[in-house]
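Below is one structure, written out as structure tokens; the observations come after it.
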Amino acid sequence: MYAFSSLLKNNLPGEFIAATEIEIHEAIEKATVAFETYRQTSFAERADFLEAISEEIMQLGDALIERTHLETGLPEARITGERGRTVGQLRLFASLLREGSFVEAIIDTALPERKPLPRSDLRRMQHPIGPVAVFAASNFPLAFSTAGGDTASALAAGCPVIVKAHSSHLGANELVATAIINAAKKCGMPDGVFSSLIGEGVLLGQQLVKHPQIKAVGFTGSFRGGMALLKAAVNEREEPIPVYAEMSSINPVLVLPNKIAQDVDAVASQLSASITLGVGQFCTNPGLLFVLKDGNTETFIQRLAQALQQVQPATMLNQSICAAYYKERQQLLSAQGVEAVLTGDEGREEYKGRPSLAKTTAKIFGENSSLQNEVFGPSSLIVVCEDENDLKSALRSLHGQLTGTIIGTPDDLKRFQSCVDLLIARVGRMIYNGVPTGVEVSHSMMHGGPFPATTFAHFTSVGTEAIKRFLRPVCYQDCPQEFLPDQLKDENPLGLMRKLNGEFTRDAVHQLEPVPR
């Protein structure tokens, strides 16, 4: 296999060998054996490992930036920033490990005198689930890829990782995979704690997901790809496993009337920049805009079209994504009741995406669910609503989304609070007077949402809470102190924040008396 550069329009140096069925099996078996050791490593040892990975990635220097630029067409400045995000989230998970409370230690001490029945000593905490398969994303070749958030959170949880490299950036994958393996060796981690495999998407992906030793899957990609993995994980395995798939979102934006009247040019410029950021190749791209019909509506639409028209077409991630963008865009524009506001195919043959804008009515939007299909690129659809009831009707028809955004004045926010409530029920993150593009890696971030945005609305793929996808709770009943994990021992040797008899505290068990319940 070769890496094709949509920037240079030719294959890049380097031949990459697809993994055989035997090699896939060997990688999984090594991960299974490694799990028995890796799960026992201390939080400090895992933190050191994650920090070592970040250091090894930084030591790759300009070679990683240059190769990724050629493979994706993304500007070097963007890739440099993404590298910073990648190593930053590795270090953030290292700090989470050193703090330790992510295990959610809960202790209910024994009540031997309780009537009518005594209570046993019960202690619960989170444990790693086992080897995890991670599918690298096309649009974030570093931060959602080989050493991205899925890998970082799974390794932090104590789970070995097998990455399926994305065919769009095989060279970048090889560089980063080597950095992770070097870090594992330096930190004395077990052989097999990390592997990277190359192969055809469907074949390799299905082999990984169906293998009985794989216990969970992290995926960022298309709805079609995510659903194929989910069906295989549930229907074609003796033991079903979770597939944490981020799949499809058009990230609706409510652009409210007072804000348009006061700041039409600023709002148009703000949305244009978000729609075209990264050539629209973000999972949080604002692909759907709701506006209420009044004397300023048409002015807003034209100002937004003018702002988009000023954005020059730019190289997309690869040939197939570019071809899919123009195909999906044409399907949207040719739908009954959809009117093209801005279009153009210039740059199509050069693998470049040109912005487009369309509009329709709330009635047509509600009647045609295909208008909610994601167009992965710099495109957006405006839904013009006759009144507030029309807007509410359109919002009720919305599929699950990663984000929802409201742009309005304080008076707008008060007036349309019931519309905001409808939107909150359908999204994972609600943005006020901003744009959905740009996802902070933090403790409180929620990057997930109701189906079909993701397969599990309860989990995030960004931020420290992502670790919960690869953990499961275990309760110890009447376990002798010497056999308890340190996180659950009476003296609390790690100094964790724990829930002790219903109260959060860092105190040792003997310092608090149980409350009969």
Side-chain angles (χ1 to χ4, degrees), residues 72 74 78 81-82 85-86 88-89 137-145 148-150 218-223 225-226 244-255 267 269-290 304 308 311 314 316-317 321 324-325 328 353 355-357 372-382 398-407 420 423-424 426-442 444-457 459-463 465-466:
T72 65
L74 296 172
R78 149 75 192 272
E82 190 179 327
R85 171 176 173 155
T86 304
Q89 63 193 7
S138 62
N139 57 337
F140 282 87
L142 301 179
F144 277 82
S145 192
D150 288 344
F219 172 86
T220 299
S222 68
F223 176 77
Y244 299 109
E246 179 198 312
M247 300 182 295
S248 177
S249 186
I250 52 176
N251 307 293
V253 180
L254 275 61
V255 193
V267 172
S269 177
Q270 181 184 35
L271 287 170
S272 171
S274 185
I275 292 167
T276 59
L277 183 67
V279 206
Q281 298 167 119
F282 282 79
C283 50
T284 53
N285 183 58
L288 184 64
L289 311 176
F290 290 100
L304 178 57
L308 289 169
V311 180
M316 300 192 78
L317 290 162
I321 284 177
Y325 167 62
E328 291 162 357
S356 71
L357 186 66
Q372 298 192 48
N373 293 343
E374 182 181 27
V375 178
F376 193 66
S379 171
S380 198
L381 172 67
I382 298 176
L398 266 179
H399 301 162
Q401 306 290 335
L402 291 173
T403 74
T405 300
I406 181 164
I407 298 177
V420 176
L423 190 53
I424 288 173
R426 289 157 177 80
V427 306
R429 176 166 58 108
M430 191 71 199
I431 300 120
Y432 290 79
N433 285 318
V435 291
T437 42
V439 183
E440 181 72 23
V441 181
S442 69
S444 58
M445 176 51 63
M446 178 59 190
H447 190 62
F451 185 86
T454 66
T455 47
F456 287 92
F459 297 96
T460 181
S461 62
V462 176
E465 290 292 291

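For the numbers below, each heavy atom of this structure counts, side chains included, while hydrogens, waters and symmetry mates do not. This chain uses plain numbering: 1 for the first residue, then up along the sequence.
In this structure, Leu271 and Ile407 have side chains that are in contact, with non-hydrogen atoms separated by less than 4.5 Å. Taking the side chain as every heavy atom from C-beta outward, Ile431 and Arg429 approach each other to under 4.5 Å. At a threshold of 4.5 Å between non-hydrogen side-chain atoms, the residues Phe290 and Pro252 count as touching. For the pair Pro141 and Leu74, the minimum side-chain heavy-atom distance is below 4.5 Å. The shortest distance between side-chain heavy atoms of Asn373 and Glu328 does not fall below 4.5 Å. Residues His399 and Ile250 are not in side-chain contact: their nearest non-hydrogen atoms beyond the backbone lie 4.5 Å or more apart. The shortest side-chain heavy-atom distance between Leu357 and Leu304 falls under the 4.5 Å cut-off. Using a 4.5 Å cut-off on side-chain heavy atoms (C-beta onward), Leu308 and Ile275 make contact.
Gln281 CD to Ser138 OG: the interatomic distance, rounded to the nearest 0.5 Å, is 7.5 Å. In this structure, CE on Met247 lies 12.5 Å from SG on Cys283, to the nearest 0.5 angstrom. Here Leu402 contributes atom CG and Met446 contributes atom CE; the two are 8.5 Å apart, rounded to the nearest 0.5 Å. The structure places CG of Leu289 at 8.0 Å from CG of Leu381, a figure rounded to the nearest 0.5 Å. Note that CG of Leu423 is 8.0 Å distant from OG1 of Thr405, once rounded to the nearest 0.5 Å. The distance from atom OG1 of Thr72 to atom CG of Leu317, rounded to the nearest 0.5 Å, is 6.0 Å.
A donor-acceptor contact closer than 3.5 angstrom links the side chains of Thr403 and Asn251. Between the side chains of Thr437 and Ser274, a donor-acceptor pair is found at a separation under 3.5 Å. With hydrogens and angles left out, the side-chain atoms of Gln401 and Ser249 include a donor and acceptor closer than 3.5 Å.
Contact between Val311 and Ser272 at its shortest, heavy atoms only, is CG2-OG, 4.1 Å. When all heavy atoms are compared, the tightest approach of Ser356 to Ser379 is OG-OG, 3.2 Å. Contact detail for Pro378 and Met316: the closest heavy-atom pair is CD-CE, 4.5 Å. Between Pro355 and Thr276, the closest heavy-atom pair is CG-CG2, 3.8 Å. Pro452 and Phe223 get closest at one heavy-atom pair: CB-CE1, 3.6 Å.
Looking at residues two or more places apart in sequence or on another chain, you find a ring pair (Phe, Tyr, Trp, His ring centres under 6.0 Å) between Phe140 and Phe144, Phe282. The ring pair (Phe, Tyr, Trp, His ring centres under 6.0 Å) test applied to Phe376 returns no partner, not counting sequence neighbours.
At least one donor-acceptor pair under 3.5 Å links the side chain of Thr454 to the backbone N or O of Gly449. Under the 3.5 Å distance criterion, the side-chain polar atoms of Ser222 are matched with a main-chain donor or acceptor of Gly225. In terms of modelled atom types and a separation under 3.5 Å, the side chain of Arg85 and the main chain of Glu440 share no donor-acceptor contact. In this structure a side-chain-to-backbone donor-acceptor pair under 3.5 Å is present from Glu82 to Ala143. No donor-acceptor pair closer than 3.5 Å links the side chain of Glu246 to the backbone N or O of Gly221.
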**OP:** Start with the C-alpha distance between Tyr432 and Val420, add both sets of side-chain angles, then the distance that settles side-chain contact (heavy atoms from CB on, under 4.5 Å), and finish with yes or no.
**Re:** CA-CA 10 Å; Tyr432 290 79; Val420 176; 3.6 Å; yes
**OP:** Under the side-chain contact (heavy atoms from CB on, under 4.5 Å) rule, what do Val267 and Val255 come out as? Steps first, then yes or no, please.
**Re:** CA-CA 8 Å; Val267 172; Val255 193; 3.8 Å; yes
